[in-house]
Structure formats: C-alpha cells, structure tokens
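Scope of the values below: all heavy atoms of this structure, side chains included, with no hydrogens, waters or symmetry mates.
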Amino acid sequence: MDYKINFQYLCCVLLFGFLDSILAEKNCNPVRTEFHNRKIGPPDLVPNFAIHDNEIKICFDPLRDPTRLSCCSKASEQQYVIAAKKYLKDSVRSKTAFLKKSILDHISQFEERLSSLILLSENKTSVTLEDLYKIPKSEYSQTVSEFFSQIRLFMKQKQVSLYASVATFYDNIFPSVLKYNLHSGKVLTLTPKQTSCLRKNRQDIVPVPFGKTQYNISHSLQHTLSNVKSYIEVLSLVVEAINLTDNASVTEKCVHQVTQLQFCSRCQNETTVLPCKGLCLNTMRRCLAQFSILHQDWKKLMMSVVRLDGGQSDKYNVEAILQQLSHDIDMSIKHAVRNIAVTYNTAKGLCDISAADTQIPIRTASSELGTQLKHNRNRRTMGGDLNDQVLQVKEQLLISMNIFSTLSEDICEQKLFYDQDPDSNTCWNGTLVGRFTGNIEHLKAFTTSEMDVDPQLITMRDKLSLTRNTLDTEHQEYSMMSDSSIFKYGSGDGGINDGGGIVLETDDEDLNGSGSGSGDGSGQTPSPIDVTLAPTKSFNKPPNRNQRPESSASSVSVSMVMAILTVITTLIL
Ligand SMILES: *[C@@H]1O[C@H](CO)[C@@H](O)[C@H](O)[C@H]1NC(C)=O
Ligand SMILES: *[C@@H]1O[C@H](CO)[C@@H](O)[C@H](O)[C@H]1NC(C)=O
Ligand SMILES: *[C@@H]1O[C@H](CO)[C@@H](O)[C@H](O)[C@H]1NC(C)=O
Ligand SMILES: *[C@@H]1O[C@H](CO)[C@@H](O)[C@H](O)[C@H]1NC(C)=O
Ligand SMILES: *[C@@H]1O[C@H](CO)[C@@H](O)[C@H](O)[C@H]1NC(C)=O
Ligand SMILES: *[C@@H]1O[C@H](CO)[C@@H](O)[C@H](O)[C@H]1NC(C)=O
Ligand SMILES: *[C@@H]1O[C@H](CO)[C@@H](O)[C@H](O)[C@H]1NC(C)=O
C-alpha cells in the first residue's frame with residue numbers, strides 16, 4: 001500500500017515537473033514584455049526561453065557558470081547597457097533640471113523687462129525733448145537713439161563707458177536746447193560750425209549748463225547696470241555648469257555597474273524586484289564621484305550670488321532708475337533753460353554767435369515749460385515683478401548649494417525605485433535577490449586620482465572659483481565705498497541685523513576649501529560672510545496681477561527664510 005502510494009506520488013511529481021519545464025517554467029515573457037514596454041530594444045532580442053549565452057559579459061560570467069540559464073542574450077545585454085547609460089544621464093539631469101529651467105526663464109524675463117524699460121525710457125525722452133523743449137525730431141532722434149544704443153551695448157559688452165555716453169548725449173543735445181529755448185522766445189539759427197563748436201565746448205562752460213543731475217544719471221546708470229550685468233553673467237555661468245554636468249562623459253566601467261544595478265536582475269527573470277539601496281549608493285557614488293569636485297566651488301559661488309543685488313537695492317534699483325531716466329533728463333534740461341541767459345552769453349563768446357542769428361519764432365517755445373509730462377514714477381506699472389523673481393531664484397540657488405555632493409543620495413533615496421530597508425532580503429543585490437552585504441562606500445573615500453574625471457569638469461571648477469573670487473573682490477570694493485550698503489561683509493555680529501535681514505554665517509569648513517583637491521588658492525582668511533537677503537520695498541506693494549498664485553511677496557519672504565534656515569542647518573551639520 002505504502003509503496004504504491006509513494007510510487008503514484010512520485011509519478012505525479014515527475015510528470016508535472018516535466019510538463020512545467022516544457023510549457024511554462026523557462027519562458028522569459030515578463031522580461032520580453034518589459035523590454036518592449038520600456039523601449040529598451042526590439043523584444044525579439046530577448047530569448048523566448050531561458051538560454052545559456054556564452055558571450056554574456058556584464059551580468060555574470062558564463063564561462064565560470066557553464067550550465068547557467070538566463071533570460072539575457074548578448075544582444076539584449078547590449079541594449080541594457082545603452083538603457084543604463086541613458087538612465088544615469090536622466091537621473092543626473094532630473095536633479096538639476098528645475099534649477100536650470102528657473103534660471104533660464106528668469107534670465108529671459110529679466111532681459112525682456114530691461115529692454116522694454118529701455119525702450120519706454122527712450123520713447124519718453126523723445127517725447128520730453130519734443131513736447132517740452134520744442135526740439136524737432138530731426139534734431140534729437142539720432143542723439144537719443146545713440147544714447148540708448150550705448151545702454152543696450154553696455155548690457156552686452158563691458159567696453160562701453162556710460163559716463164562718456166551720458167556726456168556725449170548732453171554735448172549733442174546742447175545746441176538744440178539753446179536754439180529752441182531762449183527766453184526771448186526766438187529760435188536761434190546756428191551754422192554747422194557753430195553747432196559743432198557748442199558741442200565741443202559744452203563741458204567747459206561754467207556754470208555747467210545742465211547742472212549736477214547729469215552726474216547722478218551717469219553714476220546710477222553705471223552702477224546699477226553693472227550690478228545687473230554681473231548678476232546675469234553669474235546666472236549664465238551657473239546654467240553653463242549645469243549644461244556641462246548634464247553632458248559630462250561617464251566611463252564604460254560606470255555604465256556597466258549601472259547595468260548591473262538596474263538590469264541584470266532581468267537575466268534571472270526578475271522584472272519587478274527593486275535594487276537594494278546599498279547597491280545603488282555604491283554604484284552611484286562611484287559613478288558620480290567626479291561631480292563632487294565641483295561641490296566646494298559651486299557652494300561658495302552660490303553664497304556669493306545670493307549677495308549680489310541684481311539691481312534690486314533700494315538706492316540702485318534698475319527698474320526705478322530706468323523709469324526715472326527721462327524725468328532726470330527733463331530736470332537737467334529744465335535747469336539749463338532756467339539759466340539759459342548766462343549760458344548763452346558764455347556760448348556766444350566761445351562760438352562766435354551774434355545777436356543777428358536769432359529769428360522770430362515760429363511757435364512759442366517756453367510757454368509750456370511750467371507744465372510737465374506725466375512721468376510715471378511708480379516702480380512696477382508694467383507687470384512682471386523682478387524683485388520677487390530675483391528672490392525666488394536666490395532661494396533656488398541656496399537650496400541647490402549641495403547639489404553636487406548629494407547627487408547619489410538623492411537618486412538612491414527614491415522609495416519608488418530602490419528598496420530603502422538596509423536589512424531587506426527581497427531586493428536585488430547585484431547577484432541575486434537577497435540581502436546586500438557589501439560595505440557602503442562613502443563619497444569622501446574617493447580621492448581625485450581614483451576618479452575618472454571629465455576634464456571639462458575641472459575647467460568648470462576653476463571657472464566657478466575664478467568667478468567667485470572676482471565677485472567677492474568687487475563686492476568688497478563696493479562695500480568699502482558704499483555708505484549704507486545693505487550687505488555687510490565680515491561684520492561678524494551674527495543673528496538678525498538692523499536691516500531686518502538674516503545673517504548667514506558660514507562655518508570654517510566651507511571656507512577652508514579642504515575639499516578633494518579643490519586647490520582654489522584664494523588664500524582668504526575664513527571670516528564669516530553675512531548674507532543679507534535684503535527685504536526691499538516690494539513687501540509693501542499691492543499684489544501684482546502677473547504673479548504666479550503662490551508667489552506673493554510675503555510667501556516669498558517666508559519661504560526664503562525657511563530656505564535660509566535649511567541652509568544654516570545644513571551648514572552646521
Ligand atoms: C519567468 O516568470 C514568469 C512569471 O512569473 C514565469 O511564468 C516563467 O516561468 C519564468 N521563467 C523562468 C525562466 O523562470
Ligand atoms: C512713443 O510711444 C507712443 C505710444 O506707444 C507712440 O505713439 C509714439 O510714436 C512714440 N514716440 C516716439 C518718439 O517713439
Ligand atoms: C544726486 O545724488 C545725490 C546723492 O545721491 C543727491 O543727494 C542729490 O539730490 C542728487 N542730485 C540731483 C540733482 O538729482
Ligand atoms: C544650456 O543649454 C540650454 C539647452 O538645454 C541652452 O538653451 C542654453 O543656451 C545653454 N546655456 C549655456 C550657457 O550653455
Ligand atoms: C550635450 O551634447 C550634445 C552633443 O554632444 C549636444 O547636442 C547638446 O546640445 C548638449 N546639451 C547641452 C545641454 O549642452
Ligand atoms: C548577494 O547575496 C548573495 C547571497 O546571499 C551573497 O552571496 C552576495 O555576496 C550578495 N552580494 C552582495 C553584493 O551583497
Ligand atoms: C581650517 O583651516 C585652519 C588653518 O588651515 C585650521 O586651523 C582649521 O582647523 C580648519 N578648519 C576646518 C573646519 O577644517
């Protein structure tokens with residue numbers, strides 16, 4: 001009896017086992033389906049049934065394991081390598097994409113706003129000259145357009161001196177102001193020679209025909225636009241650095257490791273298992289170690305960028321100054337007209353102008369002088385709020401300060417893609433589904449010589465460091481000559497300063513530059529840097545229609561403060 005039953009049982013087991021292995025057990029359908037769905041490659045590269053391919057290179061050693069069957073072929077493995085490379089790049093990009101997009105959008109909105117303000121200012125200046133000072137378009141249009149072209153050029157290249165441009169503007173407009181604004185109400189006729197004589201001598205006439213306003217104009221233009229320019233330049237460098245890391249080359253070895261991490265489980269017909277976090281950390285840290293060489297200089301640069309005012313300070317606000325420009329020009333010409341008798345007397349002698357040169361006026365020149373064009377002095381009439389944008393971008397930059405030292409952690413901490421439990425024995429450990437038993441390596445353990453660093457990254461690191469040194473030098477110079485600078489440098493009083501801003505002290509470690517072979521050579525003493533994100537006027541302004549819903553001024557300030565606190569915490573830890 002017993003014997004019989006056992007025999008039947010054995011029979012069944014053998015039979016079912018046999019059928020199983022023929023019909024189902026060895027098919028690689030899940031692997032094929034995934035191969036197709038995730039567009040890893042054409043699904044027929046995946047074997048129908050588990051096979052032994054002697055040319056497998058990465059997932060296991062087919063020669064050491066000559067009977068091993070798997071759902072991988074040489075061809076499908078190669079597709080996995082391509083997919084792994086893409087996965088790695090996409091992972092890095094996804095960490096920087098938001099910052100990059102924010103900055104690129106910001107730069108283009110900033111530039112758009114500036115060019116529309118410049119255009120508006122050009123228009124208002126023209127209207128002022130024509131309507132208030134009766135200068136015909138034919139006489140002012142070239143002068144005005146040259147002046148504003150210089151401003152636009154300045155924003156593009158460093159060589160333009162705005163002091164010279166402003167002086168030239170007044171030189172050129174001087175004869176016309178004289179011609180049409182004499183108190184006699186008569187229009188002066190000037191020969192070309194007299195005209196050019198007046199232009200040439202304008203700066204030597206005392207008292208100065210246009211008063212002191214012109215010096216204020218050149219100073220504030222030069223100062224503010226320089227600040228805007230260096231702000232935009234640094235942001236562009238930040239984007240350039242991101243572009244470079246997006247595209248940095250990775251070694252073949254690294255791509256093979258990512259293949260093992262992400263895809264070799266497929267050879268064992270495992271398509272749903274998550275890789276162990278430990279395996280991910282080891283793989284990513286080794287692969288992405290090269291980016292960590294940017295970390296120190298990137299971080300320092302971010303600290304410097306948030307100190308830039310970007311033309312948003314109260315005294316040198318770029319929007320206010322451009323909106324005020326035509327008004328200031330108006331004031332200076334008004335000054336000239338008020339003193340025109342004195343100026344005319346001097347000019348007559350200098351340039352051989354006789355009384356006979358005046359004619360009966362065609363229209364009354366000075367009758368409207370008392371009236372003024374409506375000069376819109378409201379800072380934000382045109383929508384788009386630069387100051388909020390600048391604060392938001394600075395917030396983004398602060399948040400991204402450690403981006404290049406935490407890339408691997410950021411990638412491996414995604415619960416959806418990696419098994420976070422360090423003791424899990426149901427994750428992919430690189431060889432099979434089981435516990436990851438390897439040592440988790442730390443980023444600091446890698447020295448520069450062990451890394452395969454894309455040489456472009458080294459160039460970029462040096463560029464970041466150079467730019468940051470330049471900014472800090474400029475900043476120090478500015479602080480020295482600036483009376484009520486919003487930014488204090490090295491005052492070391494800590495805490496909340498009188499401006500109501502938050503003082504951010506960096507710890508020594510950040511300034512020692514002790515990072516892996518960073519060699520910044522700046523040789524600066526590690527003094528505390530106070531970063532004050534100045535709460536500027538905009539906090540009192542009415543809500544702006546063009547704002548994104550969540551970005552009201554107060555929410556910006558709150559999230560800003562949160563960001564800074566986060567940063568401080570990060571620095572201390
Ligand atoms: C792969 O998994 C599927 C579904 O779990 C199963 O039907 C098939 O037999 C497995 N193939 C191998 C080779 O293990
Ligand atoms: C200034 O702008 C107004 C309205 O946009 C336009 O009508 C006028 O022609 C412009 N004037 C000059 C001098 O560009
Ligand atoms: C020029 O600027 C100074 C200092 O900013 C200011 O006190 C003065 O009133 C300004 N002068 C004119 C004419 O705008
Ligand atoms: C960076 O790349 C973007 C495209 O992703 C491009 O629009 C931008 O001009 C590039 N910027 C720099 C500074 O290379
Ligand atoms: C990355 O490099 C490729 C070619 O090497 C180029 O086409 C692409 O525009 C670059 N991307 C960025 C963001 O620079
Ligand atoms: C994966 O698990 C197997 C079996 O437990 C073990 O032999 C192997 O060392 C593990 N690999 C790693 C990298 O932990
Ligand atoms: C920074 O450098 C100084 C002098 O080189 C050293 O005394 C100090 O311990 C360093 N601090 C840190 C945090 O590395």
Run the salt bridge (charged side-chain N to carboxylate O under 4.0 Å, His left out) test against D61 and tell me which residues pass, sequence neighbours left out.
none
Answer yes or no: is there an ion pair linking D297 with K463, defined by an N-O contact shorter than 4.0 Å?
no
Can [X] and [Y] be counted as having a side-chain donor-acceptor contact under 3.5 angstrom?
X: N243; Y: K100; answer: yes
X: T96; Y: D246; answer: yes
X: E413; Y: Q420; answer: no
X: N27; Y: R32; answer: no
X: R93; Y: N247; answer: yes

Using the disulfide bond (SG atoms under 2.5 Å apart) rule, take C267 and C71 through it: C-alpha gap first, then chi angles, then the decisive distance, then the call.
CA-CA 4 Å; C267 300; C71 286; over 6 Å; no
Counting C-beta onward and ignoring hydrogens, is there a side-chain heavy-atom pair between [X] and [Y] closer than 4.5 Å?
X: M155; Y: V160; answer: no
X: L407; Y: F291; answer: yes
X: S236; Y: I107; answer: yes
X: E409; Y: M284; answer: no
X: F98; Y: S400; answer: no
X: Q290; Y: D452; answer: no
X: V433; Y: N425; answer: no

So for atom [atom1], which belongs to [X], do other residues, nucleotides or ligands contribute more than 12 heavy atoms lying within a distance under 6.0 Å?
X: Q456; atom1: CD; answer: no
X: H36; atom1: NE2; answer: no
X: K85; atom1: NZ; answer: no
X: N439; atom1: CG; answer: no

Any side-chain to backbone donor/acceptor pair from S292 onto L288? Under 3.5 Å, distance only.
no
Please evaluate residues L99 and L397 with respect to the criterion side chain to side chain contact (heavy atoms under 4.5 Å, CB included), reporting the C-alpha separation (whole Å), side-chain torsions for both, the decisive distance (0.1 Å), and the verdict.
CA-CA 7 Å; L99 179 64; L397 292 171; 4.0 Å; yes
With salt bridge (charged side-chain N to carboxylate O under 4.0 Å, His left out) as the criterion, how do K57 and E77 come out once you've worked through the C-alpha distance, each side chain's angles and the decisive distance to 0.1 Å?
CA-CA 8 Å; K57 292 225 156 51; E77 190 187 49; over 6 Å; no
Test: side-chain hydrogen bond (donor to acceptor under 3.5 Å, both in side chains). Region: residues 249-260. Which pairs qualify, not counting sequence neighbours?
S249-D454
Would you please test S265 and T271 for side chain to side chain contact (heavy atoms under 4.5 Å, CB included) and show each step?
CA-CA 7 Å; S265 53; T271 53; over 6 Å; no
On the ring face of F60, is R68 found with NZ or CZ under 6.0 Å from the centre and within 45° of the axis?
yes
Distance to the ring centre below 6.0 angstrom and angle to the axis at most 45 degrees; does that hold for K229 and F154?
yes
Work out which heavy atom in F35 is nearest to a heavy atom in L45; give both atom names and the distance.
CE2-CB, 4.2 Å
Which atom names give the shortest non-hydrogen contact between I403 and K95, and what distance separates them?
CD1-O, 3.4 Å
Considering only residues two or more places apart or on different chains, which pairs with a residue in residues 77-110 satisfy disulfide bond (SG atoms under 2.5 Å apart)?
none
Are the aromatic ring centres of F404 and H295 under 6.0 angstrom apart?
no
If you round to the nearest 0.5 Å, how far is CG of L114 from CD of Q109?
12.0 Å
